[in-house]
There are 2 protein chains.
Amino acid sequence: MPDAAPKKPSRIQKRNRHLILDAALDVFSAHGYRGATLDQIAEAAGLSKPNILYYFGGKEDIHVTLLNQLMETWLDPLIEMNGEGDPMTELLGYVQRKLDMSRELPRESRLFAGEILQGAPRMNPHLVADLKPLFDEKCAVIQGWMDAGKLASIDPRHLLFSIWSTTQHYADFEAQIVVLLSGEAPYDTASDMLDRMFRNLLRPEPA
Amino acid sequence: MPDAAPKKPSRIQKRNRHLILDAALDVFSAHGYRGATLDQIAEAAGLSKPNILYYFGGKEDIHVTLLNQLMETWLDPLIEMNGEGDPMTELLGYVQRKLDMSRELPRESRLFAGEILQGAPRMNPHLVADLKPLFDEKCAVIQGWMDAGKLASIDPRHLLFSIWSTTQHYADFEAQIVVLLSGEAPYDTASDMLDRMFRNLLRPEPA
DNA sequence: TCGTGTATTTACCAAATGGTCAAAAGTTCT
DNA sequence: AGAACTTTTGACCATTTGGTAAATACACGA
């Protein structure tokens, strides 16, 4: 084993790394990379700043670790979309899964959005290496469904963009939505509305 | 005149304030509020840092000024949506105007997105005072159209959210779109796609 | 229980950053 | 030209912030 022996992490190590990452997710998603400080993260994690640097190489290391973890979570719902299943069911299911992610993981959504918004300085490699291939693969699947007449013909790339934007909007623009809906819970209504929107869009024209 | 005499700004003042705001828009939209530095703004504006502070009270003052200006621009396309016009034409026209804004003012879109993403710390008053009333008013107009059977019945609030998210996505997530489309220009295809999507969604059911 | 490696803290540092101030350089108007 | 102003600059400062080093406290297997 030529690599530096990784050793198995102790109980304390696992607990503290987790604590730190969770705190960092809070802080980074709320203030952005540059707006977040190690002191804030330390405070939120209940640890001292030097202690945090004992577990991570530095601020950037924490951020990158978070982004790496996130990428997997992020791709999951799309991976689940099954090329063998019923096209309409699969696509509408994907919409709902994505909307659920906004509801249940808003911090992650905002972390991702912030990174992309600033030009993906630390995530571009991931986009190219992980997201792009999956994107191309799933676009081909969708195109196949359309060619088979199972769905209306729409550019699959823009179809996916519209799914992502409409669903993530509820997490990323939450501050605006809270104001406009006077705090009323948006997700149930949003779920109906998006289901209807994409159903109408994708329903194949009767010959 | 009890107010501090405002005087009319000199030619130099007007030029420099404009230079600074344009530079600041570049820097703030690219790095976020906290990520932007006065030195970067000064450099981009071609002025010295103290000179910038001669024209503006401070970093926050610049940011707030930008946000105030932006709010007007931002509301414009929605204001233009005319309650007297043909419902489908008005709504689809609004979609296109909003998409045009993403194409032509991506920096403004990202500045706005960044501010909301971080909880609208400096913009919340504007949202409540300016956006909310307009939002309510236009929702009522749309609801009127639906009640009259001119459009399919959809929650107008979520309809507007979906218009905003799909159109702004092309500016805010540009870094991602560039990767996924391999640099291919997205706007023409997006325009067709969105027109179709909202047309299908809003077409009233034949009785 | 004791020694060894693991965790944590205290005290610190250098660079970056928002901001100030007084002097110098331009403008403008008479 | 010269007084009266606006604009610009160079030198400076206090704070914040990411990060380090060495000493101390702690956990755990033999």
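Every chain is numbered from 1 and lettered A, B, ... according to where its sequence line falls, protein lines coming before strand lines. The model shown is predicted, which means the values in this text are computed figures rather than measured ones.
- The pair B/Arg196-A/Asp155 does not meet the salt-bridge criterion, since no charged nitrogen lies less than 4.0 angstrom from a carboxylate oxygen.
- Under 4.0 angstrom from either OP1 or OP2 of D/dT9 there lies at least one side-chain N or O belonging to B/Asn51.
- Checked for salt-bridge contact, A/Arg103 and A/Asp100 meet the test: a charged N lies under 4.0 Å from a carboxylate O.
- A donor-acceptor contact under 3.5 angstrom links the side chains of A/His158 and B/Tyr170, judged on distance only.
- D/dT9 atom C1' lies 13 Å from atom CD1 of B/Ile52, rounded to whole Å.
- Between A/Lys150 and A/Glu90 there is no salt bridge, since none of the side-chain N atoms of the basic residue sits less than 4.0 Å from a carboxylate O of the acidic one.
- Side-chain N/O atoms of B/His63 and B/Arg122 include a donor and acceptor closer than 3.5 Å.
- Note on B/Asn16: a side-chain N or O is less than 4.0 Å away from OP1 or OP2 of D/dT8.
- Contact annotation: B/Tyr55 reaches the phosphate of D/dT8 (side-chain N/O to OP1 or OP2, under 4.0 Å).
- Contact annotation: B/Tyr54 does not reach the phosphate of D/dT9 (side-chain N/O to OP1 or OP2, under 4.0 Å).
- With B/Phe28 as the aromatic partner, B/Lys59 does not meet the cation-pi criteria of under 6.0 angstrom to the ring centre and within 45 degrees of the ring axis.
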Exercise. Which letter, B, S or -, goes with each nucleotide of nucleotides 10-22 of chain C from 5' to 3', with contact meaning a protein heavy atom under 4.0 Å?
Worked result: BB-----SBBBB-
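- No option in B/Ser109, B/Ser102, B/Ser165 other than B/Ser109 meets the side chain to side chain contact (heavy atoms under 4.5 Å, CB included) test with B/Asp172.
- Between A/Gln13 and C/dA7, a side-chain N or O to OP1/OP2 separation shorter than 4.0 Å is present.
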Which atom pairs link the protein and nucleotides 28-30 of chain C when you take only N or O atoms and keep those under 3.5 Å?
unit_1, atom_1, unit_2, atom_2, d
C/dT28, OP1, B/Arg11, NH2, 3.2

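- Nearest heavy-atom pair across B/Ala175 and A/Ile116 is CB-O, 3.7 Å.
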